[in-house]
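This report refers to the structure that appears directly beneath it.
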Amino acid sequence: LFPYTTLFRSGGSPYISTPSVAYTVRCLARKKVLPAIFFIFSRARCDQAAQEVARQQDRGQGGALLEPHEQAEVRSRVARWREQHAAVPMDATRLALLELGLASHHAGMLPLEKALVESLFQDNLLRVVFATETLAAGINMPARSTVVSVLSKRGGNGIEPLSATQLLQLSGRAGRRGLDTIGHVVLCHSNYEDVRQAYSMLLRPADAIASHFCVSYNTALRLLATRPVDECRQFVSRSFGAFQRSTSRDTSKARLAAITLERTEARALSALYPPERVAAYLKLGERRTAEQRSLDFLLAQEAQAAAELV
């Protein structure tokens, strides 16, 4: 789908040239797999990518993403949106990009502006949305294709590879129900990530689901203010977190029973021998381990000496 070129640094070491965002969008348009969500894990980079594609269109590279009547519809809806929210501070650059079929979607935008982008995309009036990973969770914006710009992102321990669940969540936006038979997912490589990393990530099983449900003071007060105590207790007991804790408790009980049985058997076995003999046996085991370590060291020295003679 996206050809790449092998280049060479000044020292002679090869590296792969990665296609630009604008070139990737041109390839998607040529393959007729738009609309697409282009995931970039940086708010500023989302806006820069949208402007990069817009500059490409200004230079006449690649055709227009929207038909004239679609551009007119977007222009009309944006004008109505401006009239309805005249008091809201607006980013004129982002609004102008909408007429080209381009948009950003990230936490740095106003909720009203993000709602406008979502509405236009759902009505097939946007071709490419450059978004952070927050778009992959809880927002109804399916696309025909999704593009994952990098296979790693900054986490709590620095730069980390995407987890299997994160990649699955991003890829799950590809394919529109009732419109597409399949969804297309494009994984971009970089100078630090190649096809081998992408292949290994695709083969990894999904991560286990862990509940983060926690009843805070505020939650407890709100529940008690609107429901009886028995109903509140039932509400908490039916949560996924309670189910996981119940399963964990059953597993811990089984492990405790197994450890208790093993300890009982060990005590019964040790009762057959006096403590002095057990202590002497353990001492012999430690001595054997030390002598085996010394023997391994001598054998390694002998092999090294033989190799030097040759």
Side-chain angles (χ1 to χ4, degrees), residues 1-2 19 21-41 46-47 49-50 52-54 56-57 61-81 94-107 109 111-151 162 164-188 198 201-202 206:
L1 182 60
F2 307 119
V21 172
Y23 178 76
T24 303
V25 171
R26 288 207 310 270
C27 290
L28 292 170
R30 186 170 63 248
K31 295 291 183 178
K32 301 185 185 304
V33 291
L34 295 178
I37 299 176
F38 207 118
F39 287 108
I40 301 175
F41 305 126
C46 287
D47 294 333
E52 178 185 338
V53 178
Q56 166 195 275
Q57 293 192 5
Q61 297 177 352
L65 297 177
L66 294 180
E67 298 294 333
H69 69 279
E70 292 175 324
Q71 291 180 345
E73 174 65 19
V74 172
R75 194 178 302 114
S76 173
R77 290 178 61 166
V78 170
R80 291 198 302 270
W81 185 86
R94 290 201 194 107
L95 293 178
L97 291 175
L98 297 177
E99 296 182 18
L100 301 177
L102 305 169
S104 299
H105 191 289
H106 53 73
M109 299 168 57
L112 285 172
E113 191 176 0
K114 288 193 289 186
L116 174 63
V117 171
E118 294 163 13
S119 174
L120 293 173
F121 192 82
Q122 290 168 0
D123 293 339
N124 201 29
L125 292 174
L126 294 177
R127 293 294 181 266
V128 185
V129 172
F130 299 94
T132 55
E133 68 273 22
T134 55
L135 179 60
I139 299 176
N140 182 27
M141 283 183 62
R144 189 171 185 183
S145 305
T146 59
V147 181
V148 182
S149 59
V150 290
L151 301 180
L162 295 176
T165 299
Q166 289 173 327
L167 183 59
L168 183 64
Q169 194 172 39
L170 298 175
S171 304
R173 288 296 171 182
R176 300 165 297 179
R177 181 177 298 177
L179 295 175
D180 304 319
T181 55
I182 61 172
H184 303 273
V185 181
V186 179
L187 304 180
C188 298
M201 291 178 69
L202 292 173

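Predicted model, so just to flag it, every value in this text is computed and none were measured.
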For residues 63-74, which side-chain donor-acceptor pairs fall under 3.5 Å, sequence neighbours excluded?
from, atom 1, to, atom 2, distance (Å)
Glu70, OE1, Glu67, N, 2.9
Glu70, OE1, Arg127, NH2, 2.8
Glu70, OE2, Arg127, NH2, 2.9

Looking at every heavy atom in both [X] and [Y], which two are closest together, and how far apart are they?
{"X": "Ser149", "Y": "Ile40", "result": "OG-CA, 3.6 Å"}
{"X": "Leu102", "Y": "Ala50", "result": "CD1-O, 3.6 Å"}
{"X": "Asp180", "Y": "Ala143", "result": "OD2-O, 4.3 Å"}
{"X": "Val148", "Y": "Val150", "result": "CG1-O, 3.2 Å"}
{"X": "Ala131", "Y": "Ile37", "result": "CB-CG2, 4.3 Å"}
{"X": "Leu126", "Y": "Leu98", "result": "CD2-O, 3.8 Å"}

Exercise. Check the pair Thr132, Cys46 against side-chain contact (heavy atoms from CB on, under 4.5 Å), reporting the backbone distance first and the verdict last.
Key: CA-CA 7 Å; Thr132 55; Cys46 287; 4.0 Å; yes
Which residues pass the side-chain hydrogen bond (donor to acceptor under 3.5 Å, both in side chains) test with [X], sequence neighbours left out?
{"X": "Gln57", "result": "none"}
{"X": "Arg177", "result": "none"}
{"X": "His184", "result": "none"}
{"X": "Arg26", "result": "Gln56"}

Self-check item: Derivation of the side-chain contact (heavy atoms from CB on, under 4.5 Å) call for His106 and Asp47
Solution: CA-CA 9 Å; His106 53 73; Asp47 294 333; 3.2 Å; yes
Self-check item: Spacing of Arg30 atom CZ and Tyr23 atom OH [to the nearest 0.5 Å]
Solution: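 Spacing of CZ (Arg30) from OH (Tyr23) equals 5.5 Å.
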Quiz item: Roughly how far, to the nearest 0.5 Å, is the SG atom of Cys188 from the CZ atom of Phe39?
Solution: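 Phe39 CZ to Cys188 SG: 12.5 Å, rounded to 0.5 Å.
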Could you list the donor-acceptor pairs under 3.5 angstrom formed by side chains in residues 113-122, with sequence neighbours left out?
from, atom 1, to, atom 2, distance (Å)
Glu118, OE2, His105, NE2, 2.8
Ser119, OG, Arg77, NH2, 2.6
Gln122, NE2, Asn140, O, 2.6

Self-check item: N/O donor-acceptor pair under 3.5 Å between Thr146 side chain and Arg173 backbone
Solution: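 Not confirmed, Thr146 side chain does not pair with Arg173 backbone.
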Quiz item: Excluding sequence neighbours, so at least two apart, what forms side-chain contact (heavy atoms from CB on, under 4.5 Å) with Leu112?
Solution: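 Expected list: Trp81, His85, Val88.
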Quiz prompt | Side-chain heavy atoms of Met109 within contact of Arg94, under 4.5 Å | solution =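 Touching, per the 4.5 Å side-chain cut-off.
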Practice problem: Among Leu97, Thr24, Val25, find the residue that satisfies the side-chain contact (heavy atoms from CB on, under 4.5 Å) test when tested with Val53. | Solution: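 That would be Val25; it is the only one of Leu97, Thr24, Val25 passing the side-chain contact (heavy atoms from CB on, under 4.5 Å) with Val53.
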